[in-house]
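Just so you know, these numbers use all the heavy atoms, side chains as well, and skip hydrogens, waters and symmetry mates.
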Amino acid sequence: MIRTLLASLVKTPGMKIPGVFLCLCFLYCVPVIALAECGSASGELFQVARVSDGDTLKLADGRSVRVLGINAPEIAHGQKAGQPFGLESRAAAQAFIDAGKGTVRLGFERETHDHYGRLLAHVYDSRGRSLAASQLRAGMALQIAVPPNTAQMQCLDKLELAARNKSVGLWRDNYWRPLPTRSLRGDEAGFRFVRGRIAKVDINSAVWLELDGKLVARVAKKDWPLFADQKTGWQTSDWLALKGRLVELRGWITSQKSTRSQQFKPLVLQLRSPLSIKVIAE
């Protein structure tokens, strides 16, 4: 499968040629009629009480909504510093809500709540326009998909790529350009977008992709089917073929401790969807 993907790379303006592990299963494809806004919602309109940040809303009934499909820059909270474009992203989300007279419709997928108790939903205004699509077009968020809610990942990824190629919004800021994995200090945490070369591939109860520097990427076994080709299924050789390749990764970084008997890299990035890893043609 890896040879097929690399052979089909297409140039895009403003960046090197990206290749992706694409999930070809039609289960995750979006109907053509919905591509303009990456989906649609019908039903009840909810009043929005507050825009917390670029990807989180508070409804008038007290429930919080985490917008599916995107991750917006963090805003400063207490002693925790914010990220570049955090305030701008929140302002863009607020403008979207205001244009819809403060009401939204929600679209749900398979998982409806996160571990914080927030609703996980696609958010639309009364005319069917998508908040996630709006944020990505304006360069106010990054595309991210977390299983099992992956139905719109292909559509939203195209919107992000267009904004990135035009260097709009956060794509103008060096902070949001792929950070070389060699420059990671070892104490980073949270959502990051990185670039590095895969030095080693291990496959056991998970796929482990060791990169140059202090980072290792992990693909949990439960997520392997998302990365599999529809015809051939998941192939060990596809992962092994990544050794030596330059890749871009995105996801949440956490730290892990080494023991005397086992020396681990201190940072782990969880890869949850095929669009979280892109192979860069050199």
Answer with yes or no whether the hydrophobic clustering places [X] together with [Y]; edges join I, L, V, M, F, W, Y residues whose side-chain heavy atoms lie under 4.5 Å apart.
X: Leu142; Y: Val194; value: no
X: Phe108; Y: Val65; value: yes
X: Leu269; Y: Trp176; value: no
X: Leu271; Y: Leu226; value: yes
X: Val51; Y: Leu136; value: yes

State the [atom1]-[atom2] distance between [X] and [Y], to the nearest 0.5 angstrom.
X: Leu131; Y: Leu68; atom1: CG; atom2: CG; answer: 11.0 Å
X: Ser52; Y: Arg118; atom1: OG; atom2: CZ; answer: 9.0 Å
X: Leu170; Y: Gln135; atom1: CG; atom2: CD; answer: 9.5 Å
X: Ile97; Y: Gln47; atom1: CD1; atom2: CD; answer: 9.5 Å
X: Gln143; Y: Lys158; atom1: CD; atom2: NZ; answer: 12.0 Å
X: Phe96; Y: Tyr124; atom1: CZ; atom2: OH; answer: 9.5 Å

Just by distance, do the side chain of [X] and the backbone of [Y] share a donor-acceptor pair under 3.5 Å?
X: Trp208; Y: Lys200; result: no
X: Trp224; Y: Val219; result: yes
X: Asp55; Y: Ala72; result: yes
X: Ser89; Y: Met140; result: yes
X: Arg110; Y: Asn149; result: no
X: Gln256; Y: Lys265; result: yes
X: Asn71; Y: Ile144; result: no
X: Glu109; Y: Ala121; result: no
X: Ser183; Y: Pro180; result: yes
X: Lys214; Y: Arg185; result: yes

### Message
Checking Glu74 against Arg90 for the salt bridge (Lys or Arg N to Asp or Glu O under 4.0 Å) test, could you report, in this order, the C-alpha distance in whole Å, the side-chain angles of both residues, the deciding distance, and whether it holds?
### Response
CA-CA 9 Å; Glu74 296 291 335; Arg90 181 173 65 181; over 6 Å; no

#### Entry: Evaluation steps, side-chain contact (heavy atoms from CB on, under 4.5 Å), between Ile277 and Leu209
CA-CA 11 Å; Ile277 175 170; Leu209 307 175; 4.0 Å; yes

### Message
The test is side-chain contact (heavy atoms from CB on, under 4.5 Å); show your working for Val279 and Leu246 and say whether it passes.
### Response
CA-CA 6 Å; Val279 180; Leu246 184 65; over 6 Å; no

Taking the side chain as every heavy atom from C-beta outward, state whether [X] and [Y] have any atom pair closer than 4.5 Å.
X: His113; Y: Arg63; answer: no
X: Lys166; Y: Trp171; answer: no
X: Gln152; Y: His122; answer: yes
X: Met153; Y: Pro274; answer: yes
X: Thr56; Y: Val67; answer: no
X: Ile203; Y: Leu240; answer: yes
X: Pro84; Y: Asp173; answer: yes

Less than 4.0 angstrom from a charged side-chain N to a carboxylate O is my criterion; do [X] and [Y] meet it?
X: Asp223; Y: Lys221; answer: no
X: Arg195; Y: Glu248; answer: yes
X: Arg218; Y: Glu210; answer: no
X: Asp212; Y: Arg182; answer: yes

### Query
Can you check side-chain contact (heavy atoms from CB on, under 4.5 Å) on Leu184 and Leu267, steps first, answer last?
CA-CA 9 Å; Leu184 294 171; Leu267 299 176; 4.0 Å; yes

Looking only at heavy atoms, what is the nearest atom pair of [X] and [Y], with distance?
X: Asp125; Y: Gly100; result: CB-CA, 4.4 Å
X: Thr181; Y: Gly196; result: OG1-CA, 3.5 Å
X: Ala217; Y: Leu249; result: CB-CD1, 3.9 Å

### Message
Run the salt bridge (Lys or Arg N to Asp or Glu O under 4.0 Å) test on Asp157 and Lys278 for me, step by step, so that the C-alpha distance in whole Å, both residues' side-chain angles and the decisive distance to 0.1 Å come before the verdict.
### Response
CA-CA 12 Å; Asp157 182 64; Lys278 298 191 178 185; 3.0 Å; yes

### Message
Check for me whether Arg250 meets the cation-pi criterion with Phe193, that is, NZ or CZ under 6.0 Å from the six-membered ring centre and within 45 degrees of the ring axis.
### Response
yes

### Message
Cation-pi check for Tyr175 against Arg192: NZ or CZ below 6.0 Å from the six-membered ring centre and within 45 degrees of the axis, yes or no?
### Response
yes

### Task
Would you please test Leu45 and Val104 for side-chain contact (heavy atoms from CB on, under 4.5 Å) and show each step?
CA-CA 5 Å; Leu45 280 169; Val104 296; 5.9 Å; no

#### Entry: Given Leu120, Val123, Val146, Leu57, the one that forms side chain to side chain contact (heavy atoms under 4.5 Å, CB included) with Arg66
Leu120

